[in-house]
Structures are given as structure tokens and as C-alpha cells.
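Data first, discussion second: the structure below is written as C-alpha cells.
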Number of protein chains: 2
Amino acid sequence: MQERHRPTIIDVARAADVGPSTVSRHVRGSKSVSPKVAERIERAIAALGYQPNAVARSLRIGRTQTLGLLFPHVNNVFYGHAMRTIQDEARLSGFTVMLLTHQEDARQQQEQLASLKRAQVDGVILLPAAGTNAAQVRILMGNTPVVAFDRTLDKAIDSVVLDNYRAGWEATEHLLSHGHSHIVAVNPAYKLQPLQSLQDRVHGYTEAMKSAGKSPRTILWQDADQLREDLRTALHRPGPASAILSLSYSVTLAILSALQEIPFDLHNVGLIGIDDMEFSSFIHPPLTTLAQPAEELARRAVQQLLRRTANTSDEPKGGFMEKAVHVKLPGTLILRASCGCRMAAASGQPQPIPSSQVGRSGAHREPPRNSPRR
Amino acid sequence: MQERHRPTIIDVARAADVGPSTVSRHVRGSKSVSPKVAERIERAIAALGYQPNAVARSLRIGRTQTLGLLFPHVNNVFYGHAMRTIQDEARLSGFTVMLLTHQEDARQQQEQLASLKRAQVDGVILLPAAGTNAAQVRILMGNTPVVAFDRTLDKAIDSVVLDNYRAGWEATEHLLSHGHSHIVAVNPAYKLQPLQSLQDRVHGYTEAMKSAGKSPRTILWQDADQLREDLRTALHRPGPASAILSLSYSVTLAILSALQEIPFDLHNVGLIGIDDMEFSSFIHPPLTTLAQPAEELARRAVQQLLRRTANTSDEPKGGFMEKAVHVKLPGTLILRASCGCRMAAASGQPQPIPSSQVGRSGAHREPPRNSPRR
DNA sequence: CTGTTAGCGCGTTCAC
DNA sequence: GTGAACGCGCTAACAG
């Protein structure tokens, strides 16, 4: 014999012998309810097992207290870590998070965005697929706030990203400081428009090389076979590359695979990957990486989004919405052995150092104050 | 000058000069709307950029067309893969998915479940935290269908899991077939009640060892230091262990760390991990694993859940709800080098074989037909 | 401090 | 085939 019908606020009101609005006030924590009444309500709630219907509440107040999260996928420590922090941070402000993935596909991304829009989320944190049309996103989302995460989208849309130029610069600097002079960078070859973030990393690399008087060389990764061959020649030709800079997570994976097939022992070449991996320390030698400040990025993104949602519910009269804000945070070099820091490996523990300090150490030059072109 | 107010069905009705209910019928694909009227409505929708309000609709029809997904976290290939498939599968039936994480914490899990309940999801796929009280879950969720994924919860709650007993058995068998006779299994030491799935794997291991006339030995992993020392003694004592069976993803990670610190070269010991890892092939030697059939598990879970939601909206009179169904699927041994299959390693490509075939190959004995105790 | 009333946007009878 | 009216569960005015 189970109850046919979820108890509503009215059932509770009846049971506690009060008006529905009093129950409503109480459950939302208003202090203007007398202790004795509060007590009765409390008991009624417990007795009936009442739980407020968030759907009805949302319809009434016009907000869902839900944030949409649209990521490419989740098989990446950084994504997972960011997602978790976003969830925690959102919960602190009473928001829940709805996570969707678009698999790096712009079409799927639009679909998912539409479904977030229909679900009336109060805002979305978007890690945009390559080739995303920012204008389309804006049109589709109307006045639902969007903040771009990890990859910028448009100068009109808030963003929170790694300082990619600096990341490229600093990783390169570190390799140079180990005496490597032939450093080759590996970048994905995107069919459509390339990712700005990756471009920036390349640019950081290029500038660091140039200002050290070395000539930059980039390998584009299109498929496994081609990458393997390109790496083979780069590593075996006269005046061979002595170090590799991997510009992204997926590229690092590809490089590792390729090296294994050549086969070429990682011990004979320097390697730094931008973006840390869960298993960086299990590679031989353990991989030095430039890790993104996941928590901090996540927190900033949520904060920015919540700021917008607060304004959105306002009338957009007078001041309207402020200009877009673009947050750019430095990464952290995690020194393991693959860059040439053998001592770090021997000591057992990797030595994370904020990359913002790297630039100040004697061995490194400061990168230019501002990343070029916005 | 932007529109103050999202267009509603009434705005569309006015613009098309019809009644709201006609618009409603049309948008939901009813055929009983004359072509000319349909045309007018279509135009009005496009002109206003109307999008149905899912919140209002949900309130009205009492369903949200949303499935809740509650996972421990997402930093695990299997989880990520499963999550993605669940999303795809759900979308095929017009459902969207809301993903939350509980960080292996029963308390957080309850909170998240409550929030799913409040959000009125039509069903939830739960990968339960260790120490979950099944009764509590049932009470909290009321008649919202729940299916346990990857870990069983209770015989009254639907579940879709790997055949863990068989997995333990087959992984052990494979090690035995390489001539290893001192095989040690490593299992996490849970503070609270242990996970049934892990118990089953241990049991499979134990039985396989016994029926081969060997004596099973299990190491419990409590913390890094203790594990390292236990492994050290197991590997160095007279009559040393020649192979290790890791019973879960996180344990494999711990073992890898420990081995690195001992230090002990993986080439001198056989190792199989239950649950595949993204980077299994980058370990030296590449790691043989027993992978879970993520897509199939995911699909089955969604199907089972949707079957329940269909019945739930029914009146629970007559037949009421059928008995819980428990799906158990075999895993797949992915042969790389760490188990002793050197040839597989040399050929470059790992050789996945359905574990259901393993038992039939000459070198292996059949596991008992049914897993013991339910 | 508390109860009454009127919608939020939509789907669904039920008449026409 | 089509429109009018009611209500899903809750909150935000208002009265009192």
C-alpha cells in the first residue's frame, strides 16, 4: 500500500494546520515563522516525507538554480578535476550542475546547448569544440549567460583559460635551460579553424625559440602513421631534435604511441607535455608536464557565471551588461624526469613549481608582459 | 533593444492567429492540424524564435524526460566511456542526462540523490559508493526507478554489472596458463562494508587458485607505505610471488606507484589488472587488463531504466512492478605484455579477446557455471 | 507573524 | 479541426 501521490506543500500545510505560504517560507529558511509553528511544520514534513518540487519552484521563480556544463568529454584529468570543482563551487551557492558532452563535434554541441536552453539552465560553462561559431552560440543561448572555459570563444563572451602563450613560452624555456637547442613542437592539425589556445601555445614556443636564437620547428599531427614518420626523421636526421614539446593532452598520447612504435627510447630525448596526465609519473621516464590550474580556473568560471546570472534577473535597462571579462591564469610546471631533471626523478617526488616563478628564476628569461594580439 | 520576455506558446498563438492549444498540438507533432494552420504556426515560431519551456511542460505532464546519473567521479576510462554511451542511448529515446558525482562518499551520495529527486528526474543510474545503505536509497527515491551500475546494491534493485566472479577467475586462469604458480591478489581494504563486486573478484581468484592446486594469497591495500612493504616482502621472500592480480583500477595505480618506489622492475613479474586504463599500453611493459564491456553495460542499464519508467507512469494497480532484474556481463581480456604474452607485445598491437572465449581455449578450465551465492 | 489569492507556461479535457 | 478553461506545485504580492 504505497502513497499514490507525492505530498505537496498543501498536504504539509493541512497536516500542520497552517497556510501553504507559511510552509513555503519555512522551508526556504525565513526567520519570520514562530518557533512553535515551525516545529509543527517540521513534524508534518518528516511524517509525510515531503520534498519540495524543484520543477514547480523553477516555473514560478523563473530560475532553475542549475548550471549547464558542456565539455568535449571527460576522459582527461583536467576535465574531470575541473568538473568536480565546478560542481562543488556551484553547490556552495545553491546551484546544481548538469553535465553534457559534445565529443568535439560542433553539431552535437549545438544540440546539447539547445537542450540546456530548453531545460532553462541559469547559465552554462562551455568548453567549446573546435570550429565553434561564436555568433551561433550567442543567438541560440539568447540572454542565458555563457562563459567559455579552457578555450576562448569570442571577445564578447566571458572566458577563463590558461595563459597559453605563457605556457608555451615557459615549457620551451625550461627545455632550453637543460641545454636543448633543437626543440620540435607537435601540434594537432585541425581541419577547420584551429583552436586559438593551441595557436597561442605555438606562438609562445616560437617566440621563446627565437629569442634564444634557435629556429622553431613544428610538426603537425594528422594521423598516427604520418606522425611516427615525421618524428622518426626529426629524431634521426643529422642535427637531430633533442627535445619535443607536446602542445596538448591528446598530442602527448599520440607522441607516446609513436615513440613506442618507432621504437625510440624516451630516455634519449627531452619531452614536456602541456596539460598533465593522470599517469604522467608511470611513464618511463616520468613525464614532465605543464599542468593547468584546474581548481582555480573552475572557481573563476563559476564565479563569473554567477555574477552574470545575478545581473540577468535584473532589468537590463540602464547599465545593461558589463563588458566581457577574460581571465587568464598561469600554469604550473611539474618537474619529473622526462625534461632532463634527473635529480627530480631520483628524489622520488616530482617537484611542482608555479610557472609564474619559473620566469623569475635565473635560468629563465621573462616572457613578454602581454600575450600578443589580445 | 532586446525582447524582455521569452516568447511563450501564447505569443505564438497570437502571432499565428490560432488558439494556444493548437500550437501545443502542432509542436508535439499531432497530425490533427490543418496544413495551412501548421504553416502559419511554423512561421510564427521561426519569427519569434520560440522554444518550448521544458520546465512548464514537465510540471504539467509530471515527467522531465531526464535521467539522473550518479557516479563516484569521472577520472576513469570505464566511467567516461559508460557515461558517454548512456548519454547517447538516452538521447535516442528523447531523454537527456544529468551527471552528478559523489566522490565515493555515502553522505554526498545521499545529498545528490535528493537533489535528483527534487529535480524530478524520471530515473537514476547509480554507481553506488561503498557502504551505501540500499534501504535508505529506496526510501529516499520513493517510486523513482533506480538501477545500480557496475556495483550491485540489493537484490531488490535492478543492477547491471560485470560478471565479477568470472573476471577474477579468468584473469587468474590466464596468469596460471603462463606457468605462474605464486600469484598474489591485491584488494583495497575498505573501512566499512566491502564492495560485493570486489568480493566476487577475490572469490573468482581464490577458486581458480584452489582448483589449480595453488594456495591463494591476498594483500590488502590500506595506504601506500604498507602496500609497498607488503609487496616487497611478497616479491622478495623465499618462494616469491611471480605474478600479481590487481582487482581494481585504483589498486592498479597504487601497485604501479609502489613498484616504482621499491623499486622493482615490472618485467620480472606478471601483472594483470581488472578494469582497463587509458594508458595501459604506455606502461613498461604494456599492461594486460580485463576490460569491462562499457558500452554494453551502459546500454543495458538505460534500457532497463526506461522499461521501469514506462511502468511507473502506469497505475501501479494489477501487476505492479516486476521483480528486479540483474544483468551480469563477461569482460574482455586485453592481452598486452605484462602478463607474460611477450609475443603480443612484439606484434605491436594488443590482442583483445572476449573473455567468454578464454574459458574454452585448451589452456583454460571452465569456471563453475554460476557465481556462488546469488 | 500568517492566510488568501493569483499566476509562472504548458497540456489536456471538453465543448463547439 | 479548433478554442476555452482548468490546474500541475509553488512563490509573491497583499491583506489581516
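Each chain gets a letter, A, B and so on, in the order the sequences are listed, and its residues count up from 1. Keep in mind the model is a prediction, meaning the values are calculated, not measured.
- Legend: residues meeting side-chain contact (heavy atoms from CB on, under 4.5 Å) with B/A106, ordered by chain and number and at least two apart, are absent.
- As a whole-Å value, the separation of A/R118 CZ from C/dG9 P is 18 Å.
- Judged purely by distance below 3.5 Å, without hydrogens or angles, the side chains of A/H81 and A/E295 pair a donor atom with an acceptor atom.
- Between the side chains of A/R151 and A/Q196, no donor N or O sits under 3.5 Å from an acceptor N or O.
- Annotation: B/F71 is not in aromatic contact with B/H102 [ring centroid separation under 6.0 Å not met].
- Partners of B/N75 under the side-chain hydrogen bond (donor to acceptor under 3.5 Å, both in side chains) rule, at least two apart in sequence or in another chain, do not exist in this structure.
- The nucleotide range of DNA chain D contacted by chain B, defined by atoms under 4.0 angstrom from heavy atoms of the protein and reported 5' to 3', is D/dG1 to D/dG9.
- Put simply, A/T22 has no side-chain N or O that comes within less than 4.0 Å of OP1 or OP2 on C/dC1.
- We find that CD1 of B/I10 is positioned 11 Å from C1' of C/dG7, with the value rounded to whole Å.
- Remark: A/T85 pairs with no residue by the side-chain hydrogen bond (donor to acceptor under 3.5 Å, both in side chains) rule, at least two apart or across chains.
- Taking for each of A/K31 and A/P20 the nucleotide of DNA chain C with the nearest heavy atom, the 5'-most of the two is the partner of A/K31.
- Among the atoms of the strands shown, base atoms are found under 4.0 Å from some heavy atom of B/S21.
- The interatomic distance linking A/D17 (CG) with C/dT4 (P) rounds to 10 Å, in whole Å.
- Sorted by first and then second residue, the side-chain hydrogen bond (donor to acceptor under 3.5 Å, both in side chains) pairs with a member in residues 13-23 of chain B read B/D11-B/R14; sequence neighbours excluded.
- Donor-acceptor pairing under 3.5 Å is recorded for the side chains of B/R63 and B/Q65.
- Helix-axis bend for the helix from C/dC1-D/dG16 to C/dC16-D/dG1: the local axis fitted to the five terminal pairs at one end deviates from that at the other end by 40°, rounded to 10°.
- Atom pair B/H26:NE2 and C/dG11:C1' shows a separation of 16 Å (rounding to whole Å applied).
- Between the side chain of B/S24 and the base of C/dT12, no donor-acceptor pair under 3.5 Å is found.
- Annotation: proximity of residues 49-60 of chain A to DNA chain D (heavy atom, distance under 4.0 Å) is found for A/Y50, A/P52, A/N53, A/A56, A/R57, A/R60, numbered in ascending order.
- Take B/R57 and apply the salt bridge (Lys or Arg N to Asp or Glu O under 4.0 Å) test, not counting sequence neighbours, and it matches no residue.
- With sequence neighbours excluded, the residues forming a side-chain hydrogen bond (donor to acceptor under 3.5 Å, both in side chains) with A/Q87 are B/T101, listed by chain and number.
- The nearest whole Å value for the distance from the CD1 atom in B/I45 to the C1' atom in C/dC10 is 14 Å.
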Taking N or O atoms only and anything under 3.5 Å, show me the protein contacts with nucleotides 14-16 of chain C, one pair per line.
none

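- Tested against A/D158, the residues A/R308, A/K323, A/H326 include a single side chain to side chain donor-acceptor pair (under 3.5 Å) partner, A/R308.
- Going from atom CD1 of B/I61 over to atom P of C/dT13 covers 13 Å, rounded to whole Å.
- Qualifying side-chain hydrogen bond (donor to acceptor under 3.5 Å, both in side chains) partners for A/R118, counting only residues two or more places apart in sequence or in other chains: none.
- For B/Q110 and B/R107, the side-chain atoms include no donor-acceptor pair closer than 3.5 Å.
- Listed by chain and residue number, A/E296 satisfy the salt bridge (Lys or Arg N to Asp or Glu O under 4.0 Å) test with A/R300 (two or more places apart in sequence, or in another chain).
- Atom CZ in A/R14 sits roughly 18 Å away from atom C1' in C/dT2 (whole-Å rounding).
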